[in-house]
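Quick caveat, the model's predicted, so the values are computed rather than measured.
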There are 2 protein chains.
Amino acid sequence: MEIRQRVKMSDVARTAGVSVATVSKVVNGRWGVSQSTVDRVQQVIEMLGYEASLGAQSLRSHRTHVLGILVAEFEPFSTELLKGASAAADQTDYELLAYAAGTRGSKVGWERRSLARLSGTLIDGAILVTPTVLEAKQGVHVVAIDPHTGPSGMPTIDSDNFAGAQLATNYLLDLGHRRIGFIGGRPDLESARLREVGFRQAMAAAGVTVDETLVRVGGYRTETAEGPARELLSQANRPTAVFAANDLSAIATVTAANSLGLSVPDDLSVIGFDNVPESAMASPPLTTIKQPLQQMGAEALRLLVDLIAGVERDIHVRLPTELVVRASCRPLV
Amino acid sequence: MEIRQRVKMSDVARTAGVSVATVSKVVNGRWGVSQSTVDRVQQVIEMLGYEASLGAQSLRSHRTHVLGILVAEFEPFSTELLKGASAAADQTDYELLAYAAGTRGSKVGWERRSLARLSGTLIDGAILVTPTVLEAKQGVHVVAIDPHTGPSGMPTIDSDNFAGAQLATNYLLDLGHRRIGFIGGRPDLESARLREVGFRQAMAAAGVTVDETLVRVGGYRTETAEGPARELLSQANRPTAVFAANDLSAIATVTAANSLGLSVPDDLSVIGFDNVPESAMASPPLTTIKQPLQQMGAEALRLLVDLIAGVERDIHVRLPTELVVRASCRPLV
DNA sequence: ATGAAAGCGCTAACAC
DNA sequence: GTGTTAGCGCTTTCAT
């Protein structure tokens, strides 16, 4: 079998009997090459299956037509955004590169690391998913989804977390619940703060006092939420309903409840936030607040493309949230 | 506000009063630098927030500790794989880079293009999702998930498509259905072929003749499946049940049915394949055959890591499929 | 122990 | 029209 080394531009040049500069011009459609040469080179490229190395190309040209979406890890939330961004990218001539920093490293500051590693080379712009530290960088265009701080100078996409939290709380209230527990999100994220504020506001508006022993921090992840949920439900005077700040925590709460011999929704009502696909697969199917995640991903990509193109536009996009009723809540008798 | 250009190695070198060569040695933990220099350089790196450019680094060193997962686009199937691969990557010291070629381009041959663009530089190995053309490359380690051809010389991960298709068909048969339609997948994929063979075999085993007017090609995508599904259901003597080769086609079939005034499962039973999260969110929730997608992604990543490490092992992994009963099928009365 | 210099694959001036 | 040349930011001999 023939061993095929990676085909590089110099291979094409040699085979076609021209210089690499000429090949580069052909590849990039530059002006100033005779038609016959163009044809010949193109033929060789085809024949050899040449494809420019993204690494080398970007190192030199600082323009790659690749957009990056930087996440800590690929979990349900970020992959939903990815689907939306991918669909939107198909409408443009950009390709999408998603980079997961991994949770092993410093865990904090991954966004700065990833951005530093990829920007300047490799990508023309980046979408940061739930970044904690964000400094205005120069050179790279960046848009943030659900950032640490609310809409500031940096272009952002988010959804109406406050209204969504009220929706969730009011739903439980309407069902007759009064002892409502709250599993908070990542304290370093604005969304988590807003969801808690929405919860408290809705409780206050209904004249119900929040029992602080029923409030825990879940951290938005399954692993970090299960402990707090267990604690919450192990209490003597446990809640009849729990509003978890995201679906993963809500599912973890259901798991914790089950392990304590409690059945959802019979012994405990649980409502989540996000409407990631997993919420529908959970058992029972989770009642939750929907964030239009795919749409948010798509909006982020479009905003980024506009930014790069220099289009004047609103750099903050906020999308609405809505209640999705499934089977994890029931009226308090 | 201070304008911060991208910090490069030369900046660190200048600030620390050493050469870039020394900085490089420190960064890469090379031998032969005095402790005092190491300390000083590390301090400057910290201070300036230096991070090596992936592009430049990989161009030179051909070792990046980054693994690529190459897909045509980010849709439910590939993102499930991504979740599994991401979780598995967290157990290693590799980071994950997912690259979507986009469906605009040649549509065929994206795997060759992406691989050529990223390999040799940027990534140490790649996972190819549903690749059509796959030649044994040299230099880059590659594992394929659900490839064009069955397990051959190339390392592959797949699930038991044949058994799964039989499961689906037998389920419909057991429900009393006899006029069963089939919406096929992408003819260029081995999985699609096996699902059709499984279907036909199960039908034959039950002594039921396949009505060829009830067989269509759906192409695995929503957009490509809706037309064929509509055609199928518009026929005078339409089927009472449809086995769609994947969930997206199944959901498209339900949509087509609804638009023709047919209700699922009352007027038509539909079963899918894959068990992507979307199948649970569909209405009605879709009965389907589960492929352990996240597990497949994780297996692919582990196989790739083993390959790179030179571990001797089986390079073909096949995982089992199983029936997931939800609400889109009912017995024929 | 440290630095100068070559070169990874490519692009962009600038010559010819 | 086409080739020569100089880097992009980094790693790696090889001198010093």
Side-chain angles (χ1 to χ4, degrees), chain A residues 5-42 44-45 48-66 116-124 139-140, chain B residues 5-42 44-45 48-66 116-124 139-140:
Chain A
Q5 266 292 14
R6 182 173 202 306
V7 181
K8 52 189 77 159
M9 192 174 271
S10 60
D11 297 323
V12 176
R14 196 173 347 92
T15 310
V18 295
S19 71
V20 291
T22 303
V23 177
S24 173
K25 281 172 193 153
V26 172
V27 169
N28 297 287
R30 292 280 175 286
W31 191 84
V33 187
S34 74
Q35 189 55 49
S36 63
T37 308
V38 171
D39 291 345
R40 186 154 36 90
V41 170
Q42 223 124 38
V44 173
I45 287 177
L48 263 40
Y50 168 76
E51 207 65 53
S53 152
L54 218 205
Q57 192 172 51
S58 65
L59 184 56
R60 195 57 236 252
S61 69
H62 289 193
R63 197 81 213 297
T64 57
H65 272 80
V66 174
R117 268 173 88 71
L118 301 187
S119 72
T121 49
L122 293 184
I123 55 175
D124 294 347
V140 237
Chain B
Q5 266 292 14
R6 180 175 204 304
V7 181
K8 53 189 74 160
M9 192 173 272
S10 60
D11 297 324
V12 175
R14 195 172 349 92
T15 311
V18 295
S19 72
V20 291
T22 303
V23 177
S24 174
K25 280 171 196 152
V26 172
V27 169
N28 297 287
R30 289 282 175 284
W31 190 85
V33 187
S34 72
Q35 190 55 47
S36 64
T37 308
V38 171
D39 291 345
R40 186 153 35 91
V41 170
Q42 223 124 39
V44 173
I45 288 177
L48 263 40
Y50 168 75
E51 206 64 53
S53 154
L54 219 204
Q57 192 172 50
S58 66
L59 184 56
R60 196 54 235 254
S61 68
H62 290 192
R63 198 81 212 296
T64 58
H65 272 77
V66 175
R117 267 172 89 71
L118 301 187
S119 73
T121 48
L122 293 183
I123 56 176
D124 294 347
V140 237

Which one, dT2(C), dT12(D), dC8(C), comes nearest to the side chain of His62(B)?
->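 Shortest atom-to-atom distance from the side chain points to dC8(C).
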Arg6(A) side-chain proximity, nearest of dC10(C), dG9(D), dT11(C) = dC10(C)
Given that Ala21(A) and Arg40(B) both sit by DNA chain C, which one's nearest nucleotide is further toward the 5' end?
-> Arg40(B)
Which residue lies toward the 5' end of DNA chain C, Ala56(B) or Gly32(B), if each is placed at its nearest nucleotide?
->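 Checking each residue's closest nucleotide, the 5'-ward one belongs to Gly32(B).
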Name the residue closer to the 5' end of DNA chain D, choosing between Val20(A) and Ser53(B) according to the nucleotide with the nearest heavy atom.
->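 With Val20(A) and Ser53(B) compared, the 5'-side residue is Val20(A).
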Which comes earlier along DNA chain D counting from the 5' end, the contact point of Ser61(A) or that of Ser19(A), where each point is its nearest nucleotide?
->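 Whichever sits nearer the 5' end wins; that is Ser19(A).
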Roughly how far apart are His62(B) NE2 and Ile123(B) CD1, rounded to 0.5 Å?
-> 12.5 Å
Does [N] have OP1 or OP2 sitting under 4.0 Å from an N or O in the side chain of [X]?
X: Gln57(A); N: dT11(C); result: yes
X: Thr37(A); N: dT2(D); result: yes
X: Arg30(A); N: dA12(C); result: yes
X: Thr22(B); N: dG3(C); result: yes

Would you mind reading off the distance between [X] atom [atom1] and [N] atom [atom2], rounded to a whole angstrom?
X: Met9(A); N: dG3(D); atom1: CE; atom2: C1'; answer: 14 Å
X: Asn28(A); N: dT11(C); atom1: CG; atom2: C1'; answer: 7 Å
X: Ile123(A); N: dC8(D); atom1: CD1; atom2: P; answer: 21 Å
X: Gln35(B); N: dT2(C); atom1: CD; atom2: C1'; answer: 16 Å
X: Leu59(A); N: dC10(D); atom1: CG; atom2: P; answer: 9 Å
X: Trp31(A); N: dT2(D); atom1: CH2; atom2: P; answer: 12 Å
X: Lys25(A); N: dC14(C); atom1: NZ; atom2: P; answer: 13 Å
X: Leu122(B); N: dC10(C); atom1: CG; atom2: P; answer: 12 Å

Given 3.5 Å as the limit, does a donor-acceptor pair link the side chain of [X] with the main chain of [Y], or not?
X: Arg63(B); Y: Asp124(B); answer: no
X: Asp39(B); Y: Ser36(B); answer: no
X: Arg30(B); Y: Ser24(B); answer: no

Do the side chain of Arg60(B) and the base of dG7(C) come within less than 3.5 angstrom through a donor-acceptor pair of N or O atoms?
->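 Such a pair is found, so the answer is yes.
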List the atom of Ala56(B), the atom of Leu59(A), and the distance in Å for their closest heavy-atom pair.
-> CB-CD1, 3.8 Å
Between Val7(A) and Val12(A) the two heavy atoms that sit nearest each other are CG1-CG2, 4.3 Å
Which part of the nucleic acid, if any, lies within reach of [X] when heavy atoms closer than 4.0 Å are counted: base, sugar-phosphate only, or nothing?
X: Ser58(B); value: nothing
X: Val27(A); value: nothing
X: Ser34(A); value: sugar-phosphate

